[in-house]
Amino acid sequence: MHQPTKRLALFLFLCLFTFLLITSCSSSKNEFSKKDVKRAQKLVGLDFDKKYIDTLYPYLKRNKEGFDTLRKYTLDNDVVPAIQFNPLPLNFTPKAQAGFPEWEIPNNVELPNKEADLAFYSIPQLASLIKSKKISSLELTQFFIARLKKYNPILQCTITITEEMALVQAKLLDAELAAGNYRGILHGIPYGVKDLMAVEGYKTTWGAEPYRDQQIEMTATVVEKLQAAGGVLVAKLVSGSLARGDVWFDGKTKNPWDTEQGATGSSAGSGSATSAGLVPFALGTETLGSITSPSNRNGITGLRPTYGRVSRHGVMSLSWSMDKVGPMARSAEDCAIVYSVITGKDSKDGMTTDFPDGFEPKKNYKTLRVAYLKKDIDKDTSLSKDNLEKALKTFKEMGITLDEVELPKDIPYNSFDVILRAEAGAFFDDLVRSENVDKMVEQDQRSRANSLRQARFIPAVEYLQANRHRQVLIEKMQAIMKDYDVLISPTFGNKQLIITNLTGHPVIAIPTGLDKEKHPTSITLVGNLYDEASILLLAKAFQDQTEFDEMHPEGYTD
């Protein structure tokens, strides 16, 4: 071929190649294939098996939709990302608090005729029995340990019964009481904690197969505080695997109201065990619903405090900027009692605060300024709606004036998932890189294992942008809450749960009865930052007027 002909042929080939390349890029510039995922792994030094790429590919596509949503919203230059998370809005001053009361212990409580009924006594009732020496801490501890052993095969709610330590503690507390040393209302009362909390001498499994034999030789601050107050730890209760759902390495925790249902998670064990009367109260954790959801499903009361109120030292991290520890119990009063012990600044947890705290159980609840999410309630189509409306009627009959408000709008809600996932991905990076994540029981698209794998593909820019939008959300939420002490919301079915977990606002989920299928329902009260007192007060007032907090599932008083 002559040289000019070669040049012409080369020119035509380059034109054709350029055309095809441009056409290909323009038609699929926003598309990516599984091959792209495979190649992208090299950027972060990973090499997943093909079966895992097949599983996480749809997850990545949903992530991309969230990233695309972020870019549709403009941000002012002065919006800064909340990296070391501070939930305070600009120019915010926490409400003054009166401190915690001297808890009243009734003096007319008697042992039940049927011993099993003791399982559903309140904290003040149990405290009365112990203080009056009608029952010893050792006897009460043995009672609850026996219940844990009896019903755990049915509910699968307990990972470790801390029997040896509990019996030693109970005997010590009985000896102290005999000597006239009474530690307070929790003296000698058993309890359980979610197995994300370290206890020296016992395994801390995080509910996950790779950590089944993990033993952390330290004790979480919240456990130390409860022990010092006289509480007796009897069980480390199930956490869904790495704080996800109600499935753990040895099974699925059940709802005692209906054992065909899971207890939901991830404080599944705390919810199930408290509901069935296997412990008087328990501690749970929440990042995005893990106190609220099992409290609702299992028909108990759950308090999720303001972000930073309760120490997370010695507690597994899922999201440093969203994790909270809180009590799960029969009633708002029981939650308040436990909360008064575990709250406070901890030098071992830099996120904790020393803002004023407290609870006034005798304060006139009618002084509270209360609003409710009328539109969200009106459009509720769940089986819980009837009970939700009845609860609102009860509040009005109690003399509460309810104003109508709406949650913040024009916020890219479906993009905030990247904050939790990125932070979890950082905490569990070694688990993913070691491929021990492959040992986790659940490996489907919505599993924690798959979530941790896909977290390695979240760009830092998107994480920071989501945190900047989070700051906008904080200010918008403050614009609503500044005029109210309590906001009444459906527990599920709207944006409340994601909003308050992102902004750090405290909430309490309280039972409202049973639906048509005989499953528990609940309502959620949202408070201002660092004002647990107001939601506890209104919740207690509601429970004083109703009997929903006294209900318990059948079959657990044999």
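Keep in mind that the numbers below use all heavy atoms, side chains included, and drop hydrogens, waters and symmetry copies.
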4.5 Å side-chain heavy-atom contact, [X] and [Y]:
| X | Y | answer |
| --- | --- | --- |
| Glu163 | Lys149 | yes |
| Ser311 | Val325 | no |
| Met197 | Val315 | yes |
| Leu118 | Ile135 | yes |
| Pro124 | Glu333 | yes |
| Phe144 | Pro280 | yes |

On a heavy-atom basis, which atom in [X] and which in [Y] lie closest, and how many Å separate them?
| X | Y | answer |
| --- | --- | --- |
| Val338 | Phe281 | CG2-CD1, 3.6 Å |
| Val199 | Met165 | CG1-CE, 3.9 Å |
| Cys157 | Asn152 | N-OD1, 2.9 Å |
| Gly262 | Arg297 | O-NH1, 2.7 Å |
| Gln214 | Trp206 | NE2-CE2, 3.4 Å |
| Ser317 | Asp323 | CA-OD2, 3.4 Å |

_side-chain contact (heavy atoms from CB on, under 4.5 Å) assessment of Leu537 paired with Phe359_ = CA-CA 7 Å; Leu537 179 64; Phe359 172 54; 4.2 Å; yes
Are the charged groups of [X] and [Y] less than 4.0 angstrom apart, N to O?
| X | Y | value |
| --- | --- | --- |
| Lys390 | Asp386 | no |
| Asp246 | Lys252 | yes |
| Glu442 | Arg448 | no |
| Lys518 | Glu554 | no |

Do we see a donor-acceptor contact under 3.5 Å between the side chains of [X] and [Y]?
| X | Y | result |
| --- | --- | --- |
| Lys203 | Thr160 | no |
| Asn296 | Ser522 | yes |
| Thr352 | Asp346 | no |
| Arg304 | Ser295 | no |
| Thr491 | Thr524 | yes |
| Thr521 | Asn387 | yes |
| Glu360 | Tyr365 | no |
| Asn501 | Lys324 | yes |

*Check the pair Val310 / Leu283 against side-chain contact (heavy atoms from CB on, under 4.5 Å), numbers first and verdict last.*
CA-CA 11 Å; Val310 178; Leu283 295 187; over 6 Å; no
*May I ask you to check whether over 12 heavy atoms, not counting those of Lys439, lie within 6.0 Å of atom NZ?*
no
*Is it true that atom CD of Glu389 has more than 12 heavy atoms of other residues, nucleotides or ligands lying nearer than 6.0 Å?*
yes
So, the side chain of [X] versus the backbone of [Y]: is there a donor-acceptor pair under 3.5 Å, distance only?
| X | Y | result |
| --- | --- | --- |
| Arg183 | Gln227 | yes |
| Lys225 | Thr343 | yes |
| Lys194 | Ala243 | no |
| Arg309 | Leu529 | no |
| Thr292 | Gly289 | no |
| Glu139 | Ser136 | yes |
| Ser275 | Ile300 | no |
| Arg147 | Val279 | no |

Can you tell me how far [atom2] of [Y] sits from [atom1] of [X], rounded to the nearest 0.5 angstrom?
| X | Y | atom1 | atom2 | answer |
| --- | --- | --- | --- | --- |
| Ser266 | Trp248 | OG | CH2 | 14.0 Å |
| Leu167 | Ile145 | CG | CD1 | 4.5 Å |
| Ile510 | Thr546 | CD1 | OG1 | 7.0 Å |
| Glu404 | Lys375 | CD | NZ | 8.5 Å |
| Asp378 | Lys385 | CG | NZ | 6.0 Å |
| Thr287 | Tyr307 | OG1 | OH | 10.5 Å |

*Quickly, which of Val232, Leu172, Leu126 forms a side-chain contact (heavy atoms from CB on, under 4.5 Å) with Ser137? Name it, please.*
Val232
*For Lys95, enumerate each residue passing the salt bridge (Lys or Arg N to Asp or Glu O under 4.0 Å) test, keeping only those at least two apart in sequence or located in another chain.*
Asp485, Asp531
*Begin from the C-alpha positions of Gln169 and Thr141 and carry the test side-chain hydrogen bond (donor to acceptor under 3.5 Å, both in side chains) through to its verdict.*
CA-CA 9 Å; Gln169 290 176 333; Thr141 298; over 6 Å; no
*What orientation do Phe100 and Tyr339 show, parallel under 30°, tilted 30 to 60°, or perpendicular over 60°?*
perpendicular
*Take the angle between the ring planes of Tyr182 and His187 and call it parallel below 30°, perpendicular above 60°, tilted in between.*
parallel
*Should Thr253 and Leu237 be marked as a side-chain contact (heavy atoms from CB on, under 4.5 Å) after you check the CA-CA gap, both sets of side-chain angles, and the distance that decides it?*
CA-CA 10 Å; Thr253 302; Leu237 303 168; over 6 Å; no
*Walk me through it: do Asp250 and Arg212 pass the test salt bridge (charged side-chain N to carboxylate O under 4.0 Å, His left out)?*
CA-CA 10 Å; Asp250 260 352; Arg212 176 193 282 264; 3.3 Å; yes
_Trace of the side-chain hydrogen bond (donor to acceptor under 3.5 Å, both in side chains) decision for Ser267 with Glu286_ = CA-CA 8 Å; Ser267 303; Glu286 175 159 324; over 6 Å; no
_side-chain hydrogen bond (donor to acceptor under 3.5 Å, both in side chains) for Thr204 and Lys236? Distances and angles first, verdict last._
CA-CA 8 Å; Thr204 301; Lys236 302 196 74 183; 2.8 Å; yes
*Passes side-chain contact (heavy atoms from CB on, under 4.5 Å), Leu226 versus Leu233? Steps please.*
CA-CA 8 Å; Leu226 288 172; Leu233 180 65; over 6 Å; no
*asked:* Determine whether Asp349 and Thr221 satisfy the following criterion, side-chain hydrogen bond (donor to acceptor under 3.5 Å, both in side chains), listing intermediate values before the conclusion.
replied: CA-CA 9 Å; Asp349 181 352; Thr221 295; over 6 Å; no
